[in-house]
Amino acid sequence: MTVYGWGLIVVFALVLTALALPLGRYMAAVYTGQRTFMDPLLARPEHLLYRVIGVRVDRGQDWKRYATSLIAFSLVGWLLLYFILRTQTLWSFTGLNPMGYHSMPWNVAFNTVSSFLTNTNWQYYGGETTMSYFSQMAGLAVQNFVSAAVGISVAVALIRGIVTHVATSERDSAKAHSIGNFWQDLVRTVLYVLLPISLIIALILLSQGVIENFSRYLSFTGITHIAQTLAMGPVASQEAIKLLGTNGGGFFNTNSAHPFENSNGLTNFVEMLAVLLIPAALVFTYGRMTGNRRQGYAIYATMMLMFLGAAAVCYIAEAHGSPAQHVAGLHTAVRAGTTGGNMEGKEQRFGIAGSALFNVVTTVTSCGAVNSALESFTGIGGAVPFANLSASEVIFGGVGTGLYSILLYVLLAVFLGGLMVGRTPEYIGKKVEAREIKLVALGILITPLSALFSTALATATRAGRASIDTAIAHGPQAFSETLYAYLSQANNNGSAFAGYSGFVQPVAGNVGSHGITFADLLGGFTMLFARYAPILFALAVAGTLVNKRVSPAGLGTMRTDNPTFVVLLIGVIVLVGALTFFPALLLGPIVQGLTGHLY
Amino acid sequence: MTIRKELVRSLVAMLVFTLLLGVAYPLVVTGIGQLAFRSQANGELVHVHGRLVGSKLIGQNFALPVYRHGKPLYQHGVLVTRPDPRYFQTRPSGTTPADNDAATSFANYGPNSTVTEKAIAANIAAYIALNGRYYPGGLTAAKVPVDAADTSASGVDPDISVANARIQAYRVAAVRHLPLGTVDALVAKYTIGRSLGFLGEPSVDVLELNLALDRL
Amino acid sequence: MSTTTAQAPAAGPSPGRRQAVSVLRGDIARRALRDSIIKLDPRVQVRNPVMFVVELGAVITSGTWIAQVFGQPALGGHDPAWYTFTIAIWLWLTVIFANLAEAFAEGRGRAQADTLRSMRQQTVATMQDGSTRRAEELRRGDRVVVVAGELIPGDGTVVEGIASVDESAITGESAPVIRESGGDRSAVTGGTRVLSDRIVVEITQEPGQSFLDRMINLVEGAQRRKTPNEVALGILLSGLTLIFMIVVATLRPFGLFAGTNISDTTLISLLVALIPTTIGALLSAIGIAGMDRLVRRNVLALSGRAVEASGDVDVLLLDKTGTITIGNRLASEFVPMPGVSEVELAEVAQLASLADETPEGRSIVVLAKRYGIREHDLTQMHAEFVPFTAQTRMSGVDIDGQRLRKGAGDAVIAMVAAEGGQPPAELRQTLDRIAGEGGTPLAVARDNQVLGVVYLKDTVKEGMRQRFDQLRAMGIRTIMITGDNRLTAKKIAAEAGVDDFLAEATPEKKLELIREQQAAGRMVAMTGDGTNDAPALAQADVGVAMNTGTQAAREAGNMVDLDSNPTKLIEIVEVGKQLLITRGALTTFSIANDVAKYFAILPAIFISTYATVRGGKGPLSVLNVMGLGDPRSAVISAIVFNAIVIPLLIPISLRGVSYRPVGASALLRRNLLIYGLGGLAAPFIGIKLIDLIVHNLLGA
């Protein structure tokens, strides 16, 4: 470990906070319909869009209508993307399929489409050997934008459910009140938030060497006359939204480890910031919308503490090196001119800290981008991404998903804590009662349940075990690989212990390739279920909370904006995650971390 | 009917978003890139005498084909090579042989795997075999920098650590009959520091270093 | 078996507090033991999902054991029969312990109910027309005549006559109370006895729904319906149970993948250890005990919901008179006229009041003592007492020919004028000032000279300020309700330390205030006794009617205080809070326990998983941080701990977690520390101790 390594973590946390605060304020304005400095530029196109789509945004939607719009939009998006991917050759006329790649098989397409719809970006395919530029741009990247916008919309709707104070005279318990308008949230998120920031990030990345062109792949022979091919493509534009929308689906197979996606220490830093920027800002947005910024700070503190803990553990573990290295005789201490540590599957320019932090950043969120091989992380270092996923992506989490997920945990903590102070639990003045607890419990349990269930199916069946590359992975690593695959897909994360495969592709371009149907379908359904079920529960919670009367806080009310609550919340998150996944984690990463023995 | 109305709306919205986000947005970025950051946008390509020899950002295999019976040797359709001792060598790659395939991929060597241990041991052996006899006092596994024995993530890591370059410098200097100081000076010259002074690790760009050697 | 009855400490201010019925009472214990076996009926258990899962586990393990014994050893996997048997026994015990907790709580309630029921003798009612009817047949609207010595046959309102009534049966208070027609003391309760005179009572209840009936049902838990928070908690516990079922079910394939076959018995043990059995077992006992605690404080809640709501109260409306102030005006100041010393005025006022036995008169004597005036003995002074009459509106004494008088200002002025005296100009000013401040002025005269004025004013009861401070610390605001003018109200409010007041209150204004507070999202509690309080009592979230009040008030509120003590609300709030805290604390404890159970059971299961030597210890064996003897004793110890923690916690769940009136944050910190951290640590110690016994005993 080095001063630079620790410094990176600290500076990152500070810069992130400094950027997230103003963005949070801006987003609060965007979602409460206030004027922003972007209005002169964007108000016209915004209203044009509403006209084209045919919606009247002055009409709010109750939670059921909101959910209906969301599901309809997702369904159409799914079909459109499936169509684009399955007709890849059809679009060659655009000139955006320079390598003449064929369409991917149906089963891999099913998995991929479900993956991008759900903001997961789990990839059984390698971008540079499978996808045309057209598919990446017009298909995948569009979903990278809108799936992010859907997540944010749900978060904003839940916030409204919590903070809206329906006047007594207008309250009608039989009538469901508005939690906003889905179309408006969607359009405003895309226009006011995602697009402008993506442009800025894309340009920064471009300036540092992330490529952006439509050229054919370049073949050449190097200075010793060995032949090589350079994959090309419009990477910078896709890279920006891949990170900003916590999507994570790489343009290239090696994702952000590829120098054309992530070219130096600065791009690595910018990419990490891009991932956490919106999830962090949304917490401040939330604080502002509740009218008590401290509510936001408390959640931010919870997230930041857990994040820093995860980063520290991962960094220490990776800097220590792996049993395989030690048995082979390597010295893994830091020495002059070398990073030391476990450099297996890591890039020299990022080193240990830059790789450990990047992967913590992308696994606490649902980003799933990687700049190093997760499967090659040490047992404990690799257990950190596992733990992040086990905490159900609430440490910042995906754009929107992180906030609405942690709010469900907050309600759970409020319930437990509220009982312990002897009052019917209430949050921001609204009582948490049986109906909320039912929805919250279901919303929280869906993700871990589907992860465990799918992993069990995949480990117990021959068809499931077919995805494990037994030449590389055996013993606990094979289990880790499988568990991670379904944990990642259930959490809509998308990062992978990449040895686990669902696609067999003998040559680039999909000729003669075939999917592993079991893994493709199980993963696809896991992602869809674990995305949309919690969304519906979160919206239902918004729907029931919005109708509640608000009680003013008194001395007897449990405060949710002080350190005691932060401790309680961390306790609840850790306990739920640990109790659910501890047995499974034992057999994978924990075994790997506990032993110096090789398998 | 509401559902049908919502589906139609969704379709219109998706088509508009596809035009805006899937077509216009990348075209704008590409336009700016090709105008303002031409070199970066096209991959920092390096030409020698008008011939493309690689990208500053992509590692390559500075190797020579192995011949058998006067013909290049192939194994499983992949050209067998040996490191060219005149050049600095990039990091080992577990997966991507230097063929004309553009695919990149992780080796996925687990931390507790015998497969990993064997691969690392083989890389150490190869490194010592190549550099050991030039290095004062000889090389042992313990002296091999981790980046020289562990495979990179992308398989096309363009960089090596400074320590790795300094060990290889003895060999390159000896093979090329150059003073060690000259080679070390080049290593220092092509060492990319941390971005903004604190981001990332100091690394040596192998392609640029090798090209500079050839220019001497 | 011991039959001693432990005395509950008589804490708190209420005099008529019932005794806690001891858990140790032999008959209750025997009945509870029997009930806990009867409750094993799956139709009973299915209402509690957590314990139902345990019972299911007990059935399966028992079946496995029987199969092992009768020639199917393979069914038990690698487990020996004694292991399966031990686990099965302890699973049954877990269910029985849970039943025992509930049965004890019910038993204590039942004992209370039996006392009540013994009063519900067969009463024959005499109707107004002279006919007789059995008490059970009386309907609303019937009029019955009750004479001295008879039991009142049902709840009702006195419509004619006045009588003293012995209500000790329901209030525990032995002094008889007066019940009369009209006014606020007209309600009578069935089962109480008329001691004197004759009254006509209009019955206000339908058969089987008398006060007594409801009280019996309530303490027996027969009509216990789950309260909203209990329902919510139940859902959470079911959710946790569900997830642990999946966790344990998926562990089988995971184990097989890693080459470890885990037996059904061990998996079931893990499941039972993980699901929140502790709180699941104690949940209903906590609820019943909460109700019981309330009854012991002589408060009758008409629903569990009301008890829970009382924990949420934000605003307390208290009547000034009788609640905050003593109700009688007491002398607080002597205001002499010019030329008269304070001491002189005090002495005359004292003499004039010596024979006055009213609280006002006594208070003047007490105040005068502060001026160093010793008490005179009237009998030695040839004094003649002149009592107060409505005509003279004054009282006093004649001593040695001097006429000492005290009385209403006007009356005294009139008397002085009639005697040829000249009341000083300051007198009128003083009288007006005192009246303006809400006090009552009493003019004092000697013959034709007005000496001064005694300032009588409302006096705040002792200890009220501390009570309100306590309430404030709980987060409850108190609002004083008074008919006084703003000025007076403000003074008394400041003196008593209430947060706010409503002056010149009328029933309408009171109702409006409650609605206002509720619209602002606050939960309002109030006490009341009069018929005109009824709308407000009904509107309030927690309305406590005084038992001495009218039937209308008693029906409008959702609680009745048998002691008719308006400050009882504070205790009610405490009981409500305690109820929730106990549930929350034990839930936290229960969940926190799981960590240690994991560390006991999982290393035992995976002791040789991924071992380098076949059958040797694998890397996961280092997680046996407690150093438990061997895998089987580890599992057994966890299960034994899981079971015996239930009876160990029965006292806490019956007594309730202690509540201190401190802010929510301090309370949360304290309970998190005790039940959260304690819940993490306790089982590590407990399981280790049990393992020491089990492992050494079995020698395994």
Side-chain angles (χ1 to χ4, degrees), chain A residues 53 69 72-73 76 80 128-129 137-138 142 145 202 206-207 209 211-213 217 220 222-224 226-229 231 234 237 253-254 257-259 263-266 269 322-324 327-329 331 337-339 343-349 351 372-373 375-376 378 472 477 498-499 592 598, chain B residues 6-7 9-14 17-18 21-22 26 29-30 33 37 40-44 52-55 57 60-63 84 98 100 102-106 108-112 114-117 120-121 141-142 145-147 149-150 153-154 157 159 161-163 194-195 199-201 203:
Chain A
I53 300 174
S69 299
F73 181 71
V76 169
L80 187 66
E128 69 270 41
T129 54
M137 289 162 52
V142 175
F145 273 101
L206 246 177
S207 73
I211 61 174
E212 178 82 18
N213 60 57
Y217 291 3
F220 64 92
I223 47 179
T224 57
I226 299 284
Q228 195 173 348
T229 305
S237 58
N253 189 38
T254 49
H258 198 292
S263 41
N264 59 36
L266 178 61
F269 192 76
S322 74
V327 173
H331 268 210
T338 162
T339 59
M343 278 300 281
E344 178 59 44
K346 294 188 180 66
E347 296 282 287
Q348 171 62 31
R349 60 194 181 284
S372 40
E375 190 153 354
S376 300
T378 59
I472 302 253
Q477 191 186 344
Q592 290 181 283
L598 302 183
Chain B
E6 291 296 288
L7 287 173
R9 259 179 207 157
S10 302
L11 185 61
V12 176
M14 272 312 298
F17 281 140
T18 303
L21 308 169
V29 176
T30 308
F37 307 106
Q40 294 98 313
N42 292 318
E44 303 272 18
L52 177 63
V53 295
S55 157
L57 295 177
Q60 48 179 280
N61 193 2
F62 300 97
D84 186 338
N100 56 5
T104 55
S105 112
F106 301 123
N108 291 319
Y109 288 148
N112 303 64
T114 47
V115 178
T116 316
E117 191 271 332
I120 292 175
V146 281
D147 68 299
D150 289 344
S154 63
D157 191 339
D159 305 320
S161 70
V162 177
R194 304 173 197 268
S195 307
L199 297 171
E201 294 291 336
S203 342

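Convention: sequence-line order gives letters A, B, ...; per-chain numbering from 1.
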- [ ] Quick one: which of B:L11, B:D84, B:L52 has the most heavy-atom pairs under 4.5 Å with chain A, could you say?
- [x] B:L52

Task: Residue selection (most heavy-atom pairs with chain B, distance under 4.5 Å) from A:L206, A:N264, A:V327, A:T378 - done: A:L206

Open item on the list: Shorter than 4.5 Å, heavy atoms on both sides: which option in B:G33, B:A149, B:G43 has the most such pairs with chain A?
Closed with: B:G43

Task: Option that, when pairs with chain B are counted at under 4.5 Å, heavy atom only, ranks first among A:E375, A:E128, A:Q592, A:E212 - done: A:E212

Task: Approximate separation, where rounding is to 0.5 Å, of A:H258 NE2 and B:D157 CG - done: 11.5 Å

- [ ] Quick one: which of A:A231, A:G351, A:G209 has the most heavy-atom pairs under 4.5 Å with chain B, could you say?
- [x] A:G209

TODO: State, to 0.1 Å, how close B:N61 and A:T224 come at their nearest heavy-atom pair, and which atoms those are.
DONE: O-OG1, 3.5 Å

Open item on the list: Which heavy atom of B:A41 sits nearest to which heavy atom of A:N213, and what is that distance?
Closed with: O-ND2, 3.0 Å

Task: Approximate separation, where rounding is to 0.5 Å, of B:T114 OG1 and A:Q477 CD - done: 9.5 Å

- [ ] Select one option (side chain, backbone, both, neither) describing which atoms of B:R194 are under 4.5 Å from chain A's heavy atoms.
- [x] side chain

- [ ] May I ask you to name which of B:S161, B:G200, B:S203, B:S55 has the most heavy-atom pairs under 4.5 Å with chain A?
- [x] B:S161

Task: Test item: A:I211 and B:N42 side chains (from C-beta on) under 4.5 Å apart, heavy atoms - done: no

Task: A:T254 versus B:S154, side-chain donor and acceptor atoms under 3.5 Å - done: no

Open item on the list: To the closest 0.5 Å, what do you measure between OG (A:S263) and CD (B:E44)?
Closed with: 8.0 Å

Open item on the list: Donor-acceptor pair, distance only, cut-off 3.5 Å: does the side chain of A:N253 make one with the backbone of B:T104?
Closed with: yes

TODO: Under the side chain to side chain contact (heavy atoms under 4.5 Å, CB included) rule, what do B:V162 and A:T338 come out as? Steps first, then yes or no, please.
DONE: CA-CA 7 Å; B:V162 177; A:T338 162; over 6 Å; no

Open item on the list: On a heavy-atom basis, which atom in B:Q60 and which in A:F220 lie closest, and how many Å separate them?
Closed with: NE2-CE1, 3.8 Å

Open item on the list: Quick check for you: among A:S237, A:P234, A:G499, A:S372, which has the greatest number of heavy-atom pairs under 4.5 Å with chain B?
Closed with: A:S237

Task: Where A:F269 and B:L199 come nearest, the two heavy atoms and their spacing - done: CD1-CD2, 3.4 Å

Open item on the list: Heavy-atom cut-off 4.5 Å, strictly under: side chain, backbone, both or neither for A:L80 against chain B?
Closed with: side chain

Open item on the list: Applying side chain to side chain contact (heavy atoms under 4.5 Å, CB included) to A:K346 and B:D150, what does each step give before you reach the verdict?
Closed with: CA-CA 8 Å; A:K346 294 188 180 66; B:D150 289 344; over 6 Å; no

Task: For chain B, the option from A:H331, A:E347, A:M343 that forms the most heavy-atom pairs under 4.5 Å - done: A:E347

TODO: Heavy atoms only: give me the nearest B:N108-A:A498 pair and the separation to one decimal.
DONE: ND2-C, 3.3 Å

Task: Minimum-distance pair of heavy atoms, taken over all atoms of B:A153 and A:A257 - done: CB-CB, 3.7 Å

- [ ] Go through the atoms of A:F73 and report whether side chain, backbone, both or neither lie under 4.5 Å from a heavy atom of chain B.
- [x] both

Task: Nearest-0.5 Å distance that lies between atom OG in A:S376 and atom OH in B:Y109 - done: 9.0 Å

TODO: Applying side chain to side chain contact (heavy atoms under 4.5 Å, CB included), run through B:M14 and A:V142 and close with a yes or a no.
DONE: CA-CA 9 Å; B:M14 272 312 298; A:V142 175; 3.9 Å; yes

Task: Under 3.5 Å side-chain donor-acceptor pair for A:T339 and B:E201 - done: no

TODO: Name the region of B:V12, side chain, backbone, both or neither, that has any atom closer than 4.5 Å to a heavy atom of chain A.
DONE: side chain

